[in-house]
Peer 1: 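One structure is given below, represented as structure tokens, and several questions about it will come after.
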Amino acid sequence: QVQLVESGGGLVQAGGSLRLSCVASGAILNINAMGWYRQAPGKQRELVAMFTSGGSTNYADSVKGRFAISRDNAKNTAYLQMNSLKAEDTAVYYCNANIKTAYLSGGLRFTGSDYWGQGTQVTVSS
């Protein structure tokens with residue numbers, strides 16, 4: 001089993017900063033992609049920032065220049081540094097990862113699956 005656990009959310013004033021962390025644990029062979037989505041009340045879940053399987057990073061236009069994603073491969077951890085926060089950044093932030101695992105089915109087999117964390121609330125007061 002694979003688990004993603006986020007931390008670091010909270011309440012902050014507009015213009016402030018927060019740093020989110022996401023730790024992946026379990027029977028992980030490789031993390032193919034890892035990043036962050038968010039969902040505000042009444043809105044669809046949207047991509048915030050992501051390390052792709054090709055090793056590049058993608059950011060939503062609304063956070064470019066303010067947010068930075070980083071990772072520590074040795075710790076299976078991704079971070080999201082959020083600066084110059086705005087009221088419109090208020091949302092539940094979810095960690096997402098595509099992770100390669102192994103299983104036994106007529107021999108040893110491998111698969112890549114998407115996993116989600118439980119979410120962490122970020123509230124920015126204006």
Side-chain angles (χ1 to χ4, degrees):
Q1 288 283 41
V2 172
Q3 278 192 319
L4 302 181
V5 178
E6 304 106 332
S7 61
L11 174 64
V12 64
Q13 288 189 331
S17 298
L18 282 175
R19 188 192 194 208
L20 305 183
S21 299
C22 173
V23 181
S25 62
I28 298 168
L29 293 181
N30 189 58
I31 298 177
N32 300 317
M34 193 169 187
W36 299 89
Y37 285 73
R38 68 186 180 187
Q39 188 166 17
K43 294 188 177 181
Q44 288 189 329
R45 192 172 295 189
E46 63 175 358
L47 173 70
V48 178
M50 177 69 67
F51 282 107
T52 69
S53 58
S56 61
T57 54
N58 288 338
Y59 290 93
D61 288 343
S62 59
V63 306
K64 285 180 180 176
R66 300 188 298 123
F67 291 10
I69 189 171
S70 60
R71 64 193 295 181
D72 184 333
N73 292 330
K75 296 181 179 179
N76 290 334
T77 300
Y79 305 95
L80 184 68
Q81 178 66 43
M82 305 185 293
N83 299 324
S84 302
L85 282 161
K86 305 175 181 180
E88 51 263 43
D89 294 318
T90 295
V92 178
Y93 284 69
Y94 296 92
C95 182
N96 169 262
N98 185 274
I99 294 176
K100 181 181 180 181
T101 58
Y103 64 100
L104 288 174
S105 177
L108 186 63
R109 299 182 183 275
F110 305 96
T111 185
S113 301
D114 268 358
Y115 296 87
W116 291 91
Q118 80 286 355
T120 185
Q121 177 70 46
V122 171
T123 303
V124 184
S125 63
S126 56

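Basis for what follows: all heavy atoms, side chains included, without hydrogens, waters or symmetry-related copies.
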Peer 1: If only atom types and distance count, is the side chain of Asn30 paired as donor or acceptor with the main-chain N or O of Ile99 below 3.5 Å?
Peer 2: no
Peer 1: Provide the closest heavy-atom pair for Ala97 versus Ile31 in the form atom of the first, atom of the second, distance.
Peer 2: CB-CG2, 4.5 Å
Peer 1: Output the distance between atom OG (Ser126) and atom NZ (Lys86), rounded to the nearest 0.5 Å.
Peer 2: 13.0 Å
Peer 1: Got a sec, which residues hit ring-ring contact (aromatic ring centres under 6.0 Å, His included) with Tyr37, two or more places apart in sequence or on another chain?
Peer 2: Trp116
Peer 1: Can a donor-acceptor pair be found, under 3.5 Å and without considering hydrogens, that links the side chain of Thr90 to the backbone of Val124?
Peer 2: yes
Peer 1: Should we say atom CD of Gln118 is surrounded by more than 12 heavy atoms from elsewhere, each under 6.0 Å from it?
Peer 2: yes
Peer 1: Looking only at side-chain N and O atoms, does Arg38 offer a donor or acceptor that is under 3.5 Å from a partner on Tyr93?
Peer 2: yes
Peer 1: How close do Leu20 and Gly9 get, heavy atom to heavy atom, and via which atoms?
Peer 2: CD2-N, 3.6 Å
Peer 1: Please give me the minimum heavy-atom distance between Thr101 and Leu29, naming the atom from each residue.
Peer 2: C-CD1, 3.9 Å
Peer 1: Nearest heavy-atom pair of Ala24 and Met34: which atoms, and what distance?
Peer 2: CB-CE, 4.3 Å
Peer 1: Where do Ala91 and Gln121 come nearest, in terms of heavy atoms and distance?
Peer 2: O-NE2, 3.4 Å
Peer 1: State, yes or no, whether a side-chain contact exists between Phe67 and Asp89 at a heavy-atom distance under 4.5 Å.
Peer 2: yes
Peer 1: Salt bridge check: are Asp61 and Lys64 linked by an N-O gap of less than 4.0 Å?
Peer 2: yes
